[in-house]
Novice: 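The structure's right below; bear with me while I get my questions together.
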Amino acid sequence: MTTNALPVAKPVNPNFSSGPCAKRPGWTLEALGDAPLGRSHRAKVGKAKLKLAIDLTREVLDIPADYRIGIVPASDTGAVEMALWSLLGARPVDLLAWESFGEGWVTDVVKQLKLKDARTLKAGYGELPDLGAVNFDHDVVFTWNGTTSGVRVPNADWIKEDRTGLTICDATSAAFAQDLDWSKLDVVTFSWQKVLGGEGGHGMLILSPRAVERLETYVPAWPLPKIFRMTKGGKLIDGIFEGETINTPSMLCVEDYLDALGWAKALGGGKGLRARSDANFKVLADWVAKTPWVDFLAKDAATRSNTSVCLVVADPDVTALAPDAQAAFAKAIAGALEKAKVAYDIGAYRDAPAGLRIWAGATVEASDLDALTPWLDWAYAEAKAGLKQAA
Ligand SMILES: Cc1ncc(COP(=O)(O)O)c(C=O)c1O
């Protein structure tokens with residue numbers, strides 16, 4: 001028996017997943033009415049849509065005019081793989097990893113590409129590796145926002161302006177929510193399904209002039225499947241960066257991305273989106289500050305993500321439990337909130353420490369996060385009562 005009172009109001013939108021993320025406020029299927037379905041993506045109408053997606057991406061993210069923007073297959077993973085397989089091997093590489101996705105890129109480079117001259121700079125969940133130890137005469141691969149630990153790089157100040165290597169940045173949980181310093185980034189990737197709440201399947205690959213130069217002057221020692229090839233006869237295939245995709249995209253997803261970009265533009269572009277994520281994060285941070293049972297997984301406040309907010313249960317009665325029991329406790333919280341239709345998909349990522357992960361990107365409403373916090377307290381109290389009963 002518990003006297004734990006149910007909070008009065010539920011979030012209007014219970015979708016707090018870290019990908020695919022909540023659709024923009026007000027989204028309905030009608031927003032996709034102008035999709036040229038049943039038509040070729042290479043027809044004038046299809047190509048124009050794809051080109052518009054590239055142009056609006058440049059506008060909303062303030063991407064320099066001399067950077068190339070491509071729509072590529074297989075979401076963010078596809079975009080990162082294209083970059084790694086096409087660019088690496090020309091010089092040594094520093095690989096930064098502090099959570100699951102960064103570790104995935106390390107595995108790719110060390111175990112699949114088998115690069116000998118690869119150095120891994122690693123940190124555990126909740127922390128960043130020593131950014132001061134990076135050698136910018138090497139290529140550098142890193143994740144801007146570690147989605148599974150909620151730890152991001154605080155800025156790009158640690159990246160040298162006069163580097164000779166390339167910086168390859170997986171920015172899928174950062175783009176549209178955090179300030180990407182383009183002069184410090186040579187390759188940036190992201191997917192549509194993250195901060196803009198788009199659909200899965202398509203990735204964006206953004207290349208600096210130096211990245212293009214590498215592509216045009218360096219041929220990797222390994223074969224490249226068609227899906228990765230960005231050059232022909234030693235020249236960049238310009239079409240890929242003007243909407244002539246390598247293979248067939250979903251024009252329904254393209255329409256949805258255009259809808260999201262239109263929404264973003266109306267909010268004031270990147271600045272407006274970043275402000276929304278920051279305001280969302282503040283709701284959670286204010287609650288964490290006054291709530292003893294919960295804490296951020298990210299130790300340093302400057303590295304706390306404003307999109308994938310990762311939390312741990314800090315109650316000493318819970319932290320004293322065996323790891324399995326701690327995980328079960330966090331799962332009980334997430335499960336109770338799902339059952340109550342208050343919050344979906346807020347359990348920690350499968351490889352991450354036990355806890356909760358709440359998406360606070362721009363498509364989420366601050367008022368919904370505000371409504372969520374008393375429910376988190378409620379679910380915690382329920383789980384704690386269960387623990388006491390079992391003891
Ligand atoms: C940092 C990061 N990298 C890569 C991925 C994989 O993205 P996708 O499923 O779009 O390929 C994700 C997905 O959550 C991510 O958060």
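If you're wondering where the values come from, they're calculated on a predicted model, not measured in any experiment. Whatever order the structure lists them in is the order used to number ligands and atoms, beginning at 1.
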Novice: Under 4.0 Å from a heavy atom of S191: give me the atoms of ligand 1 that qualify, with their elements.
Specialist: 10 (O)

Novice: Starting from atom 10 (O) of ligand 1, what is the nearest protein heavy atom, named by residue and atom, and what distance separates them?
Specialist: S75 OG, 2.4 Å

Novice: So which heavy atom in the protein is nearest atom 6 (C) of ligand 1, and how far is it from that ligand atom?
Specialist: T77 OG1, 3.5 Å

Novice: How far is atom 15 (C) of ligand 1 from its nearest protein heavy atom, and which residue and atom is that?
Specialist: T172 CG2, 3.2 Å

Novice: Indicate the ring-plane relationship of W287 and W293, choosing parallel, tilted or perpendicular according to the 30° and 60° boundaries.
Specialist: perpendicular

Novice: Please could you name the atoms of ligand 1 that T143 approaches to less than 4.0 Å, counting only its heavy atoms?
Specialist: 1 (C)

Novice: Please assess Y125 against Y349 for the test ring-ring contact (aromatic ring centres under 6.0 Å, His included), listing each intermediate value before the final yes or no.
Specialist: CA-CA 11 Å; Y125 279 83; Y349 190 72; 8.6 Å; no

Novice: Taking N or O atoms only and a 3.5 Å limit, does N145 qualify as a polar contact for ligand 1?
Specialist: no

Novice: What is the closest protein heavy atom to atom 9 (O) of ligand 1, and at what distance does it sit?
Specialist: Q193 NE2, 3.7 Å

Novice: Which residue is it: W158, W98, W105? I am looking for the one with a ring-ring contact (aromatic ring centres under 6.0 Å, His included) to F142.
Specialist: W158

Novice: Only heavy atoms of K194, strictly under 4.0 Å: list the atoms of ligand 1 that pass.
Specialist: 13 (C), 14 (O), 16 (O)

Novice: Determine, for E365 against R276, whether the closest basic-nitrogen to carboxylate-oxygen distance falls under 4.0 angstrom.
Specialist: yes

Novice: Do any side-chain atoms of residues 321-336 form donor-acceptor pairs under 3.5 angstrom with protein atoms, and if so which ones, sequence neighbours left out?
Specialist:
unit_1: Q326; atom_1: NE2; unit_2: T319; atom_2: O; d: 3.2
unit_1: Q326; atom_1: NE2; unit_2: L321; atom_2: O; d: 2.9

Novice: Are L166 and L131 in one and the same hydrophobic cluster, where Ile, Leu, Val, Met, Phe, Trp and Tyr link if side-chain heavy atoms are under 4.5 Å apart?
Specialist: no

Novice: Identify, for atom 5 (C) of ligand 1, the protein heavy atom at the shortest distance, and state residue, atom and that distance.
Specialist: F101 CE2, 3.3 Å

Novice: Hey, is the main chain of H138 close enough, under 3.5 Å, to the side chain of D94 for a donor-acceptor pair?
Specialist: no

Novice: Give me the residue, atom name and distance of the protein heavy atom closest to atom 3 (N) of ligand 1.
Specialist: D170 OD2, 2.6 Å

Novice: I need the atoms of ligand 1 closer than 4.0 Å to a non-hydrogen atom of S173, numbered in the order shown.
Specialist: 16 (O)

Novice: Check this for me - ligand 1, D76, N or O atoms closer than 3.5 angstrom, yes or no?
Specialist: yes

Novice: Tell me, with the steps shown, if F16 and L372 meet side-chain contact (heavy atoms from CB on, under 4.5 Å).
Specialist: CA-CA 10 Å; F16 300 105; L372 173 62; 4.0 Å; yes

Novice: Roughly how far, to the nearest 0.5 Å, is OG of S208 from CG of D186?
Specialist: 3.5 Å

Novice: Any atoms of ligand 1 less than 4.0 Å from a non-hydrogen atom of T147? List them with their elements.
Specialist: 1 (C), 2 (C), 15 (C), 16 (O)

